[in-house]
There are 2 protein chains.
Amino acid sequence: MLSKKTKYGIKALAYLAKRTDKTPVQTAEIARSENISPKFLESILLNLRKSGFLGAKKGKGGGYYLIKDPKEIQMTSVIRVLEGPIAMLPCVSLNYYEKCEDCPDEVTCSVHKLMIQVRDSTLKVLGENTLADLA
Amino acid sequence: MLSKKTKYGIKALAYLAKRTDKTPVQTAEIARSENISPKFLESILLNLRKSGFLGAKKGKGGGYYLIKDPKEIQMTSVIRVLEGPIAMLPCVSLNYYEKCEDCPDEVTCSVHKLMIQVRDSTLKVLGENTLADLA
DNA sequence: TTAATAACCTACTATTCCGATAGGGTAATA
DNA sequence: TATTACCCTATCGGAATAGTAGGTTATTAA
């Protein structure tokens, strides 16, 4: 299950991508429009800024704005930053790999093989979709 | 991410499916072989029995055994019983649907559309794989 | 220069879930 | 009738989630 943090983050990015002009948008405006707790959203947008998706401007008329072209932003990268691994098991994760303690051999592990298939099909969908497709 | 409960459950089912004869297998044997905490596994197998995947026999020579043919057991049904929803959001779940409070309209929701695609591709993989394929 | 604005940062909290453990009860077998 | 092994309930520490609170800093406009 996707965390609300990730869901809200995607919604906020899509909100920004929908806008025609790229002037900064305040956290409060996005929060109001998308029904998100303002303070919670604040921490998410900060996260997205630090990860290089958003730029920020302080003071009056300030806010957040997209840095890159929505077409260039794959949903895989968004989800990896907000949620973490896309795979359903650490031992099949490309970016957050961890060995299972209980599993002596990944090659013969039945669950492993299945979860690689799931990972690849998910990766395909999320890789084909960009922020532009959502907006 | 898949819970350990689900992972262990699948491993246990695969262990039973690998056996040629269908005599009962004790919890302790599966736990030893798959490196799972015996007591934890016990609750999982109980769960699988109540869900109709396993049969159980008490007393000496007792244990758990598969009720159905592994070819007939889709991984979707196993995961739904152990983990719950397969979808990444409640609002796109077929079997555990819940409306999002923050979302006024699912049809126009950007995240919703994306997660339906992810759900369908995952469902395809898990539906095509049966317990027999894992064993 | 000062007041207002809005991002930035730190810390805290309530709730829930996960992964397990403990300890006994019940039914079947030898 | 003793042993075996499933059955059931209850508990528990730790981690994560979903926020909340309160103050700091940088920018803008009056």
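In what follows, every chain begins at residue 1, and chains take the letters A, B, ... in the order their sequences are listed.
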Report yes if a side-chain nitrogen or oxygen of [X] is closer than 4.0 Å to either non-bridging phosphate oxygen (OP1 or OP2) of [N]; otherwise report no.
| X | N | result |
| --- | --- | --- |
| B/R49 | D/dC6 | no |
| A/S3 | D/dT17 | no |
| B/Y8 | C/dG19 | no |
| A/Y64 | C/dC8 | yes |

Integer-rounded Å distance: [N] [atom2] and [X] [atom1]:
| X | N | atom1 | atom2 | result |
| --- | --- | --- | --- | --- |
| B/Q26 | D/dT3 | CD | C1' | 13 Å |
| A/Y96 | D/dA16 | OH | P | 14 Å |
| B/E101 | D/dA18 | CD | P | 11 Å |
| A/I44 | D/dT20 | CD1 | P | 12 Å |
| B/Y65 | D/dC6 | OH | P | 12 Å |
| A/L2 | D/dA18 | CG | P | 10 Å |
| A/M1 | D/dA18 | CE | C1' | 16 Å |
| B/K4 | C/dC18 | NZ | P | 13 Å |

- Message: Please list all pairs meeting salt bridge (charged side-chain N to carboxylate O under 4.0 Å, His left out) that have one or both residues in residues 113-135 of chain B, counting only residues at least two apart or in different chains.
- Response: B/K124-B/E128
Has the side chain of [X] got a donor or acceptor atom that lies under 3.5 Å from a matching backbone atom of [Y]?
| X | Y | result |
| --- | --- | --- |
| A/K22 | A/R19 | yes |
| B/Y96 | B/I86 | no |
| A/T130 | A/A132 | yes |

Taking side chain as C-beta onward, heavy atoms only, is [X] less than 4.5 Å from [Y]?
| X | Y | result |
| --- | --- | --- |
| A/L16 | A/I30 | yes |
| B/L48 | B/L82 | yes |
| B/E29 | B/Y15 | yes |
| A/E101 | B/N35 | no |

- Task: First locate atom CG of B/L54, then atom CZ of B/R49, and finally report the distance between them rounded to the nearest 0.5 Å.
- Result: 9.5 Å
- Task: Indicate whether the side chain of A/N129 and that of A/Q74 have a donor and an acceptor atom separated by less than 3.5 Å.
- Result: no
- Message: Any donor-acceptor pair under 3.5 Å linking the side-chain atoms of A/E83 with those of A/S3?
- Response: yes
- Query: Is B/K7 touching bases, backbone alone, or none of the nucleic acid, heavy atoms closer than 4.0 Å?
  - Reply: nothing
- For A/I73 and A/S77, the nearest pair of non-hydrogen atoms, with its separation, is CG2-OG, 4.4 Å
Find every protein N or O atom lying less than 3.5 Å from an N or O atom of nucleotides 25-30 of chain C, and list the pairs.
{"from": "C/dA27", "atom 1": "O4'", "to": "B/K58", "atom 2": "NZ", "distance (Å)": "3.1"}

- Item | Interface with DNA chain C, restricted to residues 35-43 of chain A and to heavy atoms under 4.0 Å | A/K39, A/E42
- Query: In residues 11-22 of chain A, which ones come under 4.0 Å of DNA chain C, going by heavy atoms?
  - Reply: none
- Taking the six-membered ring of B/F40 (Phe, Tyr or Trp), confirm whether the NZ or CZ of B/K5 is under 6.0 Å from its centre and within 45° of its axis. no
- Item | Axial bend angle, the helix from C/dT1-D/dA30 to C/dA30-D/dT1: five-pair end segments, nearest 10° | 10°
- Task: Could I get the full list of salt bridge (Lys or Arg N to Asp or Glu O under 4.0 Å) partners for A/D102, not counting sequence neighbours?
- Result: B/K7, B/K11
